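Some notes on the structure that comes next.
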Amino acid sequence: MRYGTMKKILVTGGAGFLGSHLCERLLAQGHEVLCVDNFFTGARRNVAHLLDHPSFELMRHDVTFPLYVEVDEIYNLACPASPVHYQFDPVQTTKTSVHGAINVLGLAKRVKATVLQASTSEVYGDPEVHPQPEEYWGRVNPIGFRSCYDEGKRCAETLFFDYHRQHQVPIKVVRIFNTYGPRMHPNDGRVVSNLIVQALKGEDITLYGDGQQTRSFCYVDDLIEAMLRMMATGPEVTGPINIGNPGEFTIRELAETVRDLTGSSSTFIHRPLPPDDPRQRRPDIARARAVLHWEPTISLREGLAKTIAYFEAYLASEPKEG
């Protein structure tokens, strides 16, 4: 698929899990990439292999402050995305979503750049509609522990569409469902990384509740392909568009697959469900299929095998205690 001529592209949160994979793909297409990150959850090691690339630039910057650069396109991925990280400083999380959106939209308005917002399935909250189509407005607790992220992302979507209607800023909004793959943070509290690390270390594998809550897991390469296709659409396509894998698995099934693939002898233990944890989460991707001609191609077992290999190498490289 062709994505157009060479451009100068800003990726906020570019040293994070998704951002680093996106930077790789954009460089492979021949673009110049400006990667911006404050390294709260992103890591320099995620982009270390790109630092010598002549078309790659890394800048330490927090998107809650304005950024003055000249670019053609912007991918706004800056925000802690796991409960452990976004609940660490919830006020800052909200500021990152809201002030960050205002700043990248202001930049896009000034330089006439197209800007893509990495929104989230969390805008649907604990849904009463299943699977979740883009028309569903969601069921979100505005004052809970997850609200800093859920409502911050919802407000960011509001800002994107208001800048589009009021200032004609060209926007793209994708709602990302559970994504996994190499370069996930090992201590981010997300279910895939939790299960893999526990299994590889031979620790007890933690299941919250009865393990029957469901999620849909999209491998990172599939997700990045969808984001690139979204950016390549015409100006009439603004979104929001769900991006995720419609295959639905219980957390228990995921844990059993991880244990099988790692050959671990870990046992399952149960803990109470966290507050406002959704019981079901699965995207309706009919719009992505129709507009982007996209759907996931990498199976859960294949993607998990690649992710497990990454974590095996990561854990082996960690300094040993004592």
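Bear in mind the structure is a predicted one, so any value in this text is a computation, not a measurement. Side-chain atoms are counted along with the backbone in the values below, which use heavy atoms only and exclude waters and symmetry mates.
In this structure, the side chain of N242 engages the main chain of Q132 through a donor-acceptor pair within 3.5 Å. D89 contributes a side-chain N or O that, together with a main-chain N or O of Q92, makes up a donor-acceptor pair within less than 3.5 Å. Proximity of a side-chain donor or acceptor of R45 to a complementary backbone N or O of R183 within less than 3.5 Å is not detected. With hydrogens and angles ignored, the 3.5 Å screen pairs no side-chain donor or acceptor of H164 with any backbone N or O of P170. A donor-acceptor pair is defined here as one N or O able to donate and one able to accept, closer than 3.5 Å; no such pair exists between the side chain of W294 and the backbone of I243. Judged by distance alone, the side chain of K153 and the main-chain N or O of A118 form a donor-acceptor pair under 3.5 Å. A side-chain donor-acceptor contact under 3.5 Å links H21 to the backbone of P182. A donor-acceptor contact shorter than 3.5 Å is absent between the side chain of S97 and the backbone of T94. Between the side chain of N103 and the main chain of H99, a donor-acceptor pair closer than 3.5 Å is present. Judged purely by atom type and a 3.5 angstrom limit, H31 has no side-chain atom pairing as donor or acceptor with the backbone of K8.
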Discussion item. Checking T12 against D37 for the side chain to side chain contact (heavy atoms under 4.5 Å, CB included) test, could you report, in this order, the C-alpha distance in whole Å, the side-chain angles of both residues, the deciding distance, and whether it holds?
Written reply: CA-CA 6 Å; T12 69; D37 207 295; over 6 Å; no
Item to complete: Test side chain to side chain donor-acceptor pair (under 3.5 Å) on H130 and E248 and set out the steps.
Response: CA-CA 11 Å; H130 193 73; E248 189 175 8; 3.0 Å; yes
Item to complete: Step by step, work out the side chain to side chain contact (heavy atoms under 4.5 Å, CB included) result for C23 and F56.
Response: CA-CA 8 Å; C23 288; F56 181 77; 4.1 Å; yes
Fill in: side chain to side chain contact (heavy atoms under 4.5 Å, CB included) between F311 and V197, worked out
CA-CA 7 Å; F311 275 111; V197 170; 4.0 Å; yes
Worksheet entry | Pair L77-Q117, side chain to side chain contact (heavy atoms under 4.5 Å, CB included): steps then yes or no | CA-CA 7 Å; L77 277 62; Q117 167 69 358; over 6 Å; no
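Closest approach of T179 and R190 over heavy atoms only: O-NH1, 4.2 Å. Taking each heavy atom of E134 and P240 in turn, the nearest pair found is CG-O, 3.2 Å. Summarising the geometry of I176 relative to M227, their closest heavy-atom pair is CD1-SD, 4.5 Å, with the distance given to 0.1 Å. Closest approach of V220 and G181 over heavy atoms only: CG1-CA, 4.1 Å. Between V111 and V71, the closest heavy-atom pair is CG2-O, 3.6 Å. Counting all heavy atoms, side chain and backbone alike, L50 lies closest to S20 at CD1-O, 4.4 Å.
The aromatic rings of H167 and Y163 lie tilted to each other, with the angle between the two planes from 30° to 60°. The aromatic rings of F217 and Y180 sit perpendicular, their planes meeting at an angle over 60°, well past the 30° parallel limit.
If you chain together hydrophobic residues whose side chains sit under 4.5 Å apart, V104 and L58 never meet in one group. Hydrophobic clustering places Y75 together with F39 (ILVMFWY residues linked when any side-chain heavy atoms are closer than 4.5 Å, directly or through intermediates). Under the 4.5 Å side-chain contact rule for hydrophobic residues, V174 and I74 do not share a cluster. Connection of V192 to F17 is established within a shared hydrophobic cluster, with ILVMFWY side chains joined at heavy-atom distances below 4.5 Å, either directly or through further cluster members.
Checked by atom type, the side-chain pair K172/T233 shows a donor-acceptor distance below 3.5 Å. In the model, T250 has no side-chain atom that pairs as donor or acceptor with a side-chain atom of Q213 under 3.5 Å. Residues S216 and N245 bring no donor and acceptor atom of their side chains to less than 3.5 Å of each other. Between the side chains of S121 and N178, not a single donor N or O lies within less than 3.5 Å of an accepting N or O.
When side chains are defined from C-beta on, I9 does not count as touching L34, because their heavy atoms never get closer than 4.5 Å. A heavy-atom distance below 4.5 Å is found between the side chains of E73 and M231. Inter-residue side-chain proximity for E253 and Q212 is flagged as unmet; no heavy-atom pair is nearer than 4.5 Å. R146 places none of its side-chain heavy atoms less than 4.5 Å from the side chain of N141.
No cation-pi contact links R165 to F160, judged by a cut-off of 6.0 Å to the six-membered ring centre and 45° from its axis.
Atom CZ of R44 has 12 or fewer neighbouring heavy atoms from other residues, nucleotides or ligands inside a 6.0 Å radius.
In this structure, OG1 in T214 is found 8.0 Å from CZ in R282, a value given to the nearest 0.5 Å.
For the side chain to side chain donor-acceptor pair (under 3.5 Å) criterion with S119, the lone passing option out of E157, R154, R175 is E157.
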